Novice: 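Just passing along the structure, written as structure tokens.
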Amino acid sequence: MAKHSTHSPSFFFIAKTFQGLEEVLAEELRQLGAQQVEVLKRAVSFKGDHLLMYRANMFLRTAVRILKAIKSFEATNEDQLYRQMMNIPWEKIMGIHQTFAIDAVVGSHFFRHSKYVALKTKDALADRFRNKKGKRPSVDPKDPDIRIHVNIQGKLVRVYLDSSGDSLHLRGYKKALTEAPLSEILAAGMIKLSGWDMKTPFMDPMCGSGTLSIEASLMATDTAPGLFRTAFGFQFWNNYDDKMWKRVKEEAMDRQKPLEIPIHASDVSPKAVRIAKRNLEGADLLDQVEISVIKYQSVEVPETPGWMLINPPYGERLAQHEINDFYKTIGDRMKQDFKGWQAWIISSNFEAMKKIGLKPLKRINLFNGPLACKFQGYDLY
């Protein structure tokens, strides 16, 4: 755990995540040395300094983005909102030639429209710049330098700066995608929830674009998920500390170690395996992960028992009886050939899940994109 200077100022942060992964993220933050860690809905709040914020963006596997709180106040009408937003020293945060975007979330009977709140905030920021500097920065909703988040609950208004920029699931290693790719954050969360110890073999027999086996390999080699990215939001802030960021990058590079356990990925689709290979290459793992085109029924079982994670088709394009049969096949093969293994399956098709024919030792509710899923673990005897 990194030591934090007692003299560096502490700030309040929110790390966003997916539903069902809050506790996993809270534990990751504690490991990083975050203070006052508190689990919220699809988010975790914590306190820390700028060094911790840089490290959170580099090392957290289950965070979507890290928001730094810059102001909170009460407002019950647009005039109060505008005046308080005008009081924020925006010119100390960003430069005149930078672009910005504002998004707002409101749960309040004082403010009913998030777009209107975002517009009022933009006006206040622009007017302050005009007063102080004679001109104002431009809005760029698609690819801004500075992202601002406004959250209003009742009359409490909280303003945040987005330190991550693009969502942290965009690690930077994916060069190609299959039709329904698994999010890197969900994959990392599933692996952590499954309790894999990173010492036993890992198998992903329906690998699609390779996300599960890549995230497992990054964990087993202690490779920081932020190492492949070229930019983060905080690098555009006026107070960006390049020396501090270089130290964080060096720490990440020093921690990397070789992969010492077998990781097997396979898929019935040659196209999926081609895509997975490109992504493994993007993560510098192509020569370390064993990958092949083979259907699940014919996958070779490694001699040493290990951990298997499966993200099978959920059956959107198949008749229910076909998908039921397929899930029955998954269960039969696990029972016959994977003795001593632990297997985990995620699916939104609860009917088909029953056909696996094994009693799950654990059931966890997760979301794969908009789909409510069950993530179930089985001990195979």
Side-chain angles (χ1 to χ4, degrees), residues 1-19 21-73 84-85 88-90 92-94 100-105 107 121 144-153 156-171 185 188-189 192 224-226 229 231-241 244-245 247-249 251-252:
M1 218 184 278
K3 291 269 191 292
H4 289 273
S5 158
T6 47
H7 305 301
S8 44
S10 188
F11 304 95
F12 180 77
F13 296 96
I14 298 269
K16 300 251 190 192
T17 189
F18 297 159
Q19 197 166 322
L21 300 182
E22 296 93 344
E23 291 290 351
V24 177
L25 176 55
E27 187 47 40
E28 278 198 277
L29 278 159
R30 287 185 203 105
Q31 298 276 326
L32 268 190
Q35 302 297 310
Q36 296 176 31
V37 176
E38 197 182 322
V39 170
L40 310 168
K41 191 175 175 187
R42 293 195 297 275
V44 178
S45 66
F46 62 100
K47 284 190 93 164
D49 56 12
H50 274 160
L51 175 61
L52 182 79
M53 179 186 78
Y54 287 5
R55 293 180 75 239
N57 278 288
M58 174 60 83
F59 292 107
L60 292 178
R61 298 182 193 278
T62 57
V64 177
R65 54 183 71 251
I66 314 291
L67 306 178
K68 178 190 172 187
I70 55 167
K71 188 172 171 105
S72 62
F73 56 86
Q84 291 277 10
M85 290 295 186
I88 296 173
W90 297 107
K92 289 184 179 159
I93 291 164
M94 60 185 287
F100 70 97
I102 295 163
D103 75 59
V105 174
T121 305
D145 299 323
I146 308 288
R147 294 172 196 258
I148 298 154
H149 291 252
V150 181
N151 185 301
I152 306 182
Q153 299 302 325
L156 182 63
V157 183
R158 288 196 174 103
V159 187
Y160 300 94
L161 287 181
D162 182 348
S163 73
S164 303
D166 287 334
S167 164
L168 294 175
H169 84 275
L170 297 166
R171 311 281 206 230
I185 288 164
K192 283 180 174 284
R229 278 180 55 134
F232 292 86
F234 58 75
Q235 290 174 288
F236 297 94
W237 298 359
N238 279 353
N239 66 0
Y240 167 57
D241 185 337
M244 189 188 279
W245 178 237
R247 285 211 312 273
V248 171
K249 277 187 9 191
E251 180 196 349

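Only a predicted model underlies this, so the values are computations on that prediction, with no experimental measurement involved.
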Novice: State, to 0.1 Å, how close Ala231 and Arg229 come at their nearest heavy-atom pair, and which atoms those are.
Specialist: O-NH2, 3.3 Å
Novice: Out of Leu29, Val24, Ile14, which residue meets the side chain to side chain contact (heavy atoms under 4.5 Å, CB included) rule with Val44?
Specialist: Leu29
Novice: Please round to the nearest 0.5 Å and tell me the distance separating atom CE of Met58 and atom CD1 of Ile66.
Specialist: 13.0 Å
Novice: Atom CE in Met53, atom CG in Asp241: separation rounded to 0.5 Å?
Specialist: 10.0 Å
Novice: Give a yes or no on this: more than 12 heavy atoms of other residues, nucleotides or ligands lie within 6.0 Å of atom NZ of Lys68.
Specialist: yes
Novice: What distance separates Tyr240 OH from Met244 CE, expressed to the nearest 0.5 Å?
Specialist: 10.5 Å
Novice: What is the minimum heavy-atom distance between Pro225 and Arg61, and which atoms define it?
Specialist: CD-NH1, 3.7 Å
Novice: Looking at every non-hydrogen atom in both residues, tell me the closest pair between Leu52 and Gly33 and how far apart they are.
Specialist: CD1-C, 4.2 Å
Novice: Heavy atoms, side chains only, cut-off 4.5 Å: are Tyr54 and Asp49 in contact?
Specialist: no
Novice: Could you grab the distance from atom OH of Tyr160 to atom CD1 of Ile70, nearest 0.5 Å is fine?
Specialist: 10.5 Å
Novice: When rounded to the nearest 0.5 angstrom, what distance separates CG in Leu21 from OG1 in Thr17?
Specialist: 4.5 Å
Novice: So do Glu251 and Arg247 actually touch side chain to side chain, heavy atoms under 4.5 Å?
Specialist: no
Novice: Would the Phe234 and His50 ring centres measure less than 6.0 Å apart?
Specialist: no
Novice: Side chains of Asn57 and Ser164: is there a donor and an acceptor less than 3.5 Å apart?
Specialist: yes
Novice: Given the rule in the side chain to side chain contact (heavy atoms under 4.5 Å, CB included) test, do Arg147 and Leu161 qualify, once you have shown the distances and angles that lead to the verdict?
Specialist: CA-CA 6 Å; Arg147 294 172 196 258; Leu161 287 181; over 6 Å; no
Novice: Is any side-chain heavy atom of Leu67 closer than 4.5 Å to a side-chain heavy atom of Phe13?
Specialist: no
Novice: Please name the pair of heavy atoms, one in Trp90 and one in Met85, separated by the smallest distance, quoted to 0.1 Å.
Specialist: NE1-O, 2.9 Å
Novice: As a quick check of understanding, evaluate side chain to side chain contact (heavy atoms under 4.5 Å, CB included) for Asp103 and Val150, giving each step before the final call.
Specialist: CA-CA 6 Å; Asp103 75 59; Val150 181; over 6 Å; no
Novice: Donor-acceptor pair, distance only, cut-off 3.5 Å: does the side chain of Glu22 make one with the backbone of Arg42?
Specialist: yes
Novice: Would one find more than 12 heavy atoms of other residues, nucleotides or ligands at under 6.0 Å from atom CD of Gln19?
Specialist: yes
Novice: Could you check whether any side-chain heavy atom of Phe100 comes within less than 4.5 Å of a side-chain heavy atom of Ile148, counting everything from C-beta outward?
Specialist: yes
Novice: Within the 4.5 Å heavy-atom criterion, are Arg171 and Ile185 side-chain neighbours or not?
Specialist: yes
Novice: Is there a side-chain contact between Lys92 and Asn239 in this structure, where contact means two heavy atoms from C-beta onward sitting under 4.5 Å apart?
Specialist: no
Novice: So, for Ser163 and Trp237, which heavy atoms are closest and what is the spacing to 0.1 Å?
Specialist: CA-CZ2, 3.5 Å
Novice: Just checking, any donor-acceptor pair under 3.5 angstrom between side chains of Thr62 and Glu28?
Specialist: yes
Novice: When you look at Gln84 and Val157, which way does the side chain to side chain contact (heavy atoms under 4.5 Å, CB included) test go after all the steps?
Specialist: CA-CA 10 Å; Gln84 291 277 10; Val157 183; over 6 Å; no
Novice: Do Arg158 and Ile152 have side-chain heavy atoms sitting under 4.5 Å apart?
Specialist: no
Novice: Is there a side-chain contact between Phe232 and Trp245 (heavy atoms, below 4.5 Å)?
Specialist: yes
Novice: Report the C-alpha separation of Ile93 and Asn238 in whole Å, then their side-chain angles, then the decisive distance to 0.1 Å, and conclude whether the side chain to side chain contact (heavy atoms under 4.5 Å, CB included) test is met.
Specialist: CA-CA 5 Å; Ile93 291 164; Asn238 279 353; 5.7 Å; no
Novice: Counting only heavy atoms not in Lys249, do more than 12 fall under 6.0 Å of its NZ?
Specialist: no
Novice: Which atoms form the tightest heavy-atom contact between Leu168 and Ala63, and what is the distance?
Specialist: CB-O, 3.3 Å
